[in-house]
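One structure is given below, encoded as structure tokens.
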Amino acid sequence: MDAKISKFFDSVGSFFSGGDQIPWCDRDIIVGCEREVAEAGDSDERKTDSIMRLSWALVHSRQPEDVQRGIAMLEDSLVNNTSSPLQQREKLYLLAIGYYRSGAYSRSRQLVEQCLEIAPDWRQALTLKKAIEDKIAKDGVIGIGITATAVGLIAGGIAAALARKK
């Protein structure tokens, strides 16, 4: 019985904290990736790999400005797309992570769908898709709760006003 109660409270806590399984990245990792990009020199392959690692670190950051920077880098790299389908899939996935982190869930879901067109059984993309759908559903439930509370308060206020007049 205690296990069921504990599981219930864990699920409620996860509901309100947005408990997804997507990792976060610290500032020192981003600084290291930035240094790696600067030191990459003229080697196209090394620079491309370094930029991908930096993009990964940025979209996994807790800082919104880093996430936005990562989104901009990835969008730019997709516009100048000369990459293989595997690299394109990785870029779309990281871009979806960035939009998820910034709260643009519908855009994130579109990008994950594009990833899944390239690789339908890719577990990371499927996990992110579920996290996005859970977040959208949670936001909908919270929105309905706020609306119901507001309607209840207004109805209660009107009822109180009518009771006073009588």
Side-chain angles (χ1 to χ4, degrees), residues 6-143 145-146:
S6 176
K7 188 175 179 180
F8 171 76
F9 282 114
D10 288 344
S11 68
V12 170
S14 174
F15 179 82
F16 286 108
S17 68
D20 60 52
Q21 301 299 316
I22 300 167
W24 294 100
C25 186
D26 295 327
R27 186 73 192 135
D28 57 336
I29 294 173
I30 294 171
V31 169
C33 290
E34 288 171 334
R35 188 177 319 113
E36 185 182 334
V37 168
E39 294 170 355
D42 294 335
S43 170
D44 283 342
E45 185 177 338
R46 187 168 174 222
K47 189 160 192 148
T48 301
D49 290 345
S50 299
I51 289 172
M52 280 300 291
R53 281 190 286 279
L54 176 58
S55 298
W56 183 96
L58 289 170
V59 298
H60 286 87
S61 173
R62 293 184 187 271
Q63 304 301 318
E65 58 274 4
D66 288 340
V67 174
Q68 291 304 317
R69 208 170 113 215
I71 289 172
M73 287 175 66
L74 288 160
E75 285 180 338
D76 185 51
S77 71
L78 282 171
V79 167
N80 305 320
N81 192 15
T82 58
S83 55
S84 70
L86 180 64
Q87 288 174 325
Q88 184 175 2
R89 177 193 80 169
E90 292 288 330
K91 290 176 184 179
L92 289 169
Y93 175 76
L94 290 176
L95 197 51
I97 293 282
Y99 279 111
Y100 176 80
R101 290 282 193 224
S102 62
Y105 304 122
S106 61
R107 179 68 177 134
S108 182
R109 184 171 36 189
Q110 290 172 345
L111 292 163
V112 167
E113 292 293 338
Q114 289 179 15
C115 287
L116 291 170
E117 286 175 13
I118 296 169
D121 296 331
W122 192 25
R123 275 192 14 220
Q124 281 182 293
L126 291 168
T127 301
L128 178 58
K129 182 179 177 183
K130 183 176 180 341
I132 293 165
E133 289 169 352
D134 290 349
K135 196 74 155 170
I136 290 170
K138 180 183 116 181
D139 287 354
V141 168
I142 290 172
I146 290 170

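No hydrogens, no waters, no symmetry mates; every other heavy atom, side chains included, goes into these values. Keep in mind that what you see is a predicted model, and the values were worked out from it rather than measured. The chain is numbered in sequence order, starting from 1.
We find that Glu39 and Arg46 are not joined by a salt bridge, their nearest charged nitrogen and carboxylate oxygen being 4.0 Å or further apart.
Without hydrogens or angle criteria, Ser108 side chain to Ala104 main chain gives no donor-acceptor distance under 3.5 Å.
Scanning all heavy atoms of the two residues, the minimum distance from Val112 to Ala96 falls at CG2-CB, 3.6 Å. What you find for Tyr105 and Tyr100 is that their closest heavy atoms are CE2-O, 3.5 Å.
Residues in residues 114-128 take part in no salt bridge (charged side-chain N to carboxylate O under 4.0 Å, His left out) pair, two or more places apart or across chains.
Going from atom CD1 of Ile132 over to atom CD1 of Ile22 covers 7.5 Å, rounded to the nearest 0.5 Å. The distance from the CH2 atom of Trp24 to the CD atom of Gln63 is 9.5 Å, given to the nearest 0.5 Å. To the nearest 0.5 Å, atoms CD (Glu90) and CE (Met52) are separated by 6.0 Å. We find the CG-CG distance between Leu126 and Leu116 to be 5.0 Å, quoted to the nearest 0.5 Å. With rounding to the nearest 0.5 angstrom, the CD1 atom of Ile136 is 7.0 Å from the OG atom of Ser106.
In this structure the side chain of Trp56 never reaches within 4.5 angstrom of the side chain of Cys33, judged on heavy atoms. Using a 4.5 Å heavy-atom cutoff, the side chains of Ile30 and Leu54 are in contact. At least one side-chain heavy atom of Glu113 sits less than 4.5 Å from a side-chain heavy atom of Lys129. Residues Gln110 and Tyr99 have side chains not in contact (no heavy-atom distance under 4.5 Å, counting atoms from C-beta outward).
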May I have the step-by-step check of salt bridge (Lys or Arg N to Asp or Glu O under 4.0 Å) for Asp134 and Lys130, ending in yes or no?
-> CA-CA 6 Å; Asp134 290 349; Lys130 183 176 180 341; 2.9 Å; yes
Under the side-chain contact (heavy atoms from CB on, under 4.5 Å) criterion, do Ile51 and Met73 qualify, and how do the steps go?
-> CA-CA 8 Å; Ile51 289 172; Met73 287 175 66; 3.7 Å; yes
Test side-chain contact (heavy atoms from CB on, under 4.5 Å) applied to His60 and Ile29, step by step = CA-CA 11 Å; His60 286 87; Ile29 294 173; over 6 Å; no
side-chain contact (heavy atoms from CB on, under 4.5 Å) between Lys47 and Ser50, worked out = CA-CA 5 Å; Lys47 189 160 192 148; Ser50 299; 5.6 Å; no
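Tested against Leu58 for a side-chain contact (heavy atoms from CB on, under 4.5 Å), the candidates Asp66, Ile97, Ile71 yield a single pass: Asp66.
The environment of Glu65 atom CD is dense: over 12 non-hydrogen atoms of other residues, nucleotides or ligands sit within 6.0 angstrom.
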